[in-house]
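Just below is one structure, and these are the notes that go with it.
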Amino acid sequence: MSPLSRRHLMLAVASMAATATTPRIVFAQGTMAPAAGPFTLPPLTYPTTALEPHIDAKTMEIHHDRHHQAYVTNLNNFAKDNPQIAGKPVGDVLGDLNAVPEAIRTGVRNNLGGHANHTMFWQIIGPNGGKAEGDVLAAIERDLGGLEKMQNDFNAAGGRVFGSGWVFVTAAKDGKLAIETRPNQDNPMMDGKRALFGNDVWEHAYYLNYQNRRPDYLKAWWNTVNWKVIGERYAAAKAGTLGV
C-alpha cells in the first residue's frame, strides 16, 4: 500500500471513530422519529391557523413541529449519556454551562437555549391576547418609557440583530425591565435574568410570509402577543418562580 493510500485509510478510520462517539445532531429539515427521553415538545394550545394573517399556518407548523422538535430530539440524544442535563431546572443548566461536559457544552447551549426560547415563545403568543395592563404595564411605563416607545425600541433592536437571534424584554430579580438581544439560541438565563417575553428573529420564524422584510414581521408580530400570559409571567418573575 502506498503512503498516500495508507494515510487516506487512517483518516477514514479516525473519522468513523469520531462519528461513533459523538451524539447525532438532528437538524430541522430531518424527518427522523423523535428520540425518546426526558425532554418533550410542548404542544401548541391553539391551532396553527390562529395567528393568521400575521403568522401563517405553514410557518407555525414548520417552526413548532420541525425546528423546536429538532432541539428536543438533540437534547434527548445528549441525555442518553449525560442524564444530569435533564436532572436540573433548565435555568440552572443554562446559568452554569461550564458545569456541562465540554464535549456536549456547545450542543447543550444551542439546543437547551432553543428549547427554552421556543417554550416561552409559544406561551406568549396566541389569539385574543388582550392588552397590556396592571403591573406589567406600569413596569413598561416605568422602565421602558411606555408601551409605544417600548414597542418601537424593541422592533429597532430586533432589526439590528445580525443574522439569527432573539430580542427580549428581560426581567431582573427586582422586577426591572430591559430590552436586550441575544445571538443564536442564547437565553437571558445564561446571565441570571429571565425573559418576560421575546421574539424570534431567525428567518425560519417569518421567511415564508415576509422574506427579507424583518421590520414588517416585527411590527405585525405585536398583533399575536398574549398580554394576559405576559402579565402572569411578570408576576412570576417578581416572585422568583418564573421558569423558562
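Treat the numbers as computed from the prediction; the structure is a model and nothing was measured.
Contact check for L41 versus H64: side-chain heavy atoms found under the 4.5 Å cut-off. Between L177 and M150, every side-chain heavy-atom pair lies at or beyond the 4.5 Å cut-off. Residues V136 and L196 meet the side-chain proximity criterion, which asks for heavy atoms closer than 4.5 Å. I230 places none of its side-chain heavy atoms less than 4.5 Å from the side chain of N226. The shortest side-chain heavy-atom distance between E141 and L147 does not fall under the 4.5 Å cut-off. Contact check for I55 versus N209: no side-chain heavy atoms found under the 4.5 Å cut-off.
The CD atom of E133 sits 8.0 Å away from the CG atom of L137 when rounded to the nearest 0.5 Å. Annotation: the span from N74 atom CG to Q69 atom CD amounts to 10.0 Å, rounded to 0.5 Å. Taking CD of E61 as the reference point, atom CG of L44 lies at 10.5 Å (rounded to 0.5 Å).
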Could you pull out every donor-acceptor pair under 3.5 Å between side chains of residues 84-104 and any protein atom, sequence neighbours left out?
none

Show me the donor-acceptor pairs within less than 3.5 Å that the side chains of residues 155-165 make with the rest of the protein, sequence neighbours left out.
| from | atom 1 | to | atom 2 | distance (Å) |
| --- | --- | --- | --- | --- |
| N155 | OD1 | W222 | NE1 | 2.8 |
| N155 | ND2 | Q151 | O | 3.4 |

Only pairs under 3.5 Å count here: list side-chain donor-acceptor contacts from residues 119-132, not counting sequence neighbours, and write none if there are none.
| from | atom 1 | to | atom 2 | distance (Å) |
| --- | --- | --- | --- | --- |
| T119 | OG1 | H115 | O | 2.7 |
| W122 | NE1 | H68 | ND1 | 2.9 |
| W122 | NE1 | H118 | O | 3.3 |
| Q123 | OE1 | R233 | NH1 | 3.1 |

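Sorted by first and then second residue, the salt bridge (Lys or Arg N to Asp or Glu O under 4.0 Å) pairs with a member in residues 114-127 form an empty list; sequence neighbours excluded. Within the structure, every pair that satisfies the salt bridge (Lys or Arg N to Asp or Glu O under 4.0 Å) test and touches residues 109-129, not counting sequence neighbours, is listed here: R109-D186. Residue pairs meeting the salt bridge (Lys or Arg N to Asp or Glu O under 4.0 Å) criterion with at least one partner in residues 169-178, sequence neighbours excluded, are D143-K176. Applying the salt bridge (Lys or Arg N to Asp or Glu O under 4.0 Å) definition to pairs two or more places apart or across chains, those involving residues 205-214 are R213-D216.
Cluster membership check: W202 does not share its hydrophobic cluster with V244, using side-chain heavy-atom separations under 4.5 Å among Ile, Leu, Val, Met, Phe, Trp and Tyr. I179 and L242 are members of different hydrophobic clusters when ILVMFWY side chains are connected at heavy-atom separations under 4.5 Å.
At distances below 3.5 Å, not a single donor-acceptor pair connects side-chain atoms of N187 with backbone N or O atoms of G113. Checked by atom type and distance alone, the side chain of N117 pairs as donor or acceptor with a backbone atom of Q185 at under 3.5 Å.
Of all heavy-atom pairs spanning A116 and M189, the tightest one is CB-CE, 3.8 Å. In terms of heavy atoms, N212 sits closest to Y207 at N-CE1, 3.7 Å.
In terms of the salt bridge (Lys or Arg N to Asp or Glu O under 4.0 Å) criterion, E203 has no residue partners (sequence neighbours excluded). With sequence neighbours excluded, the residues forming a salt bridge (Lys or Arg N to Asp or Glu O under 4.0 Å) with R182 are E180, D191, listed by chain and number. The side-chain contact (heavy atoms from CB on, under 4.5 Å) test applied to N152 returns E148, not counting sequence neighbours. Take Y206 and apply the ring-ring contact (aromatic ring centres under 6.0 Å, His included) test, not counting sequence neighbours, and it matches Y217. Applying the side chain to side chain donor-acceptor pair (under 3.5 Å) test to T181 and every residue at least two apart in sequence or in another chain returns nothing.
The aromatic ring centroids of F154 and W221 lie less than 6.0 Å from each other. A ring-centre distance under 6.0 Å is not found for W227 and Y234.
Residue L208 is tested with M60, K58, H63 for a side chain to side chain contact (heavy atoms under 4.5 Å, CB included); the sole match is K58.
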Would you check, one step at a time, whether the test side chain to side chain contact (heavy atoms under 4.5 Å, CB included) holds for F197 with V229? CA-CA 9 Å; F197 63 88; V229 170; over 6 Å; no

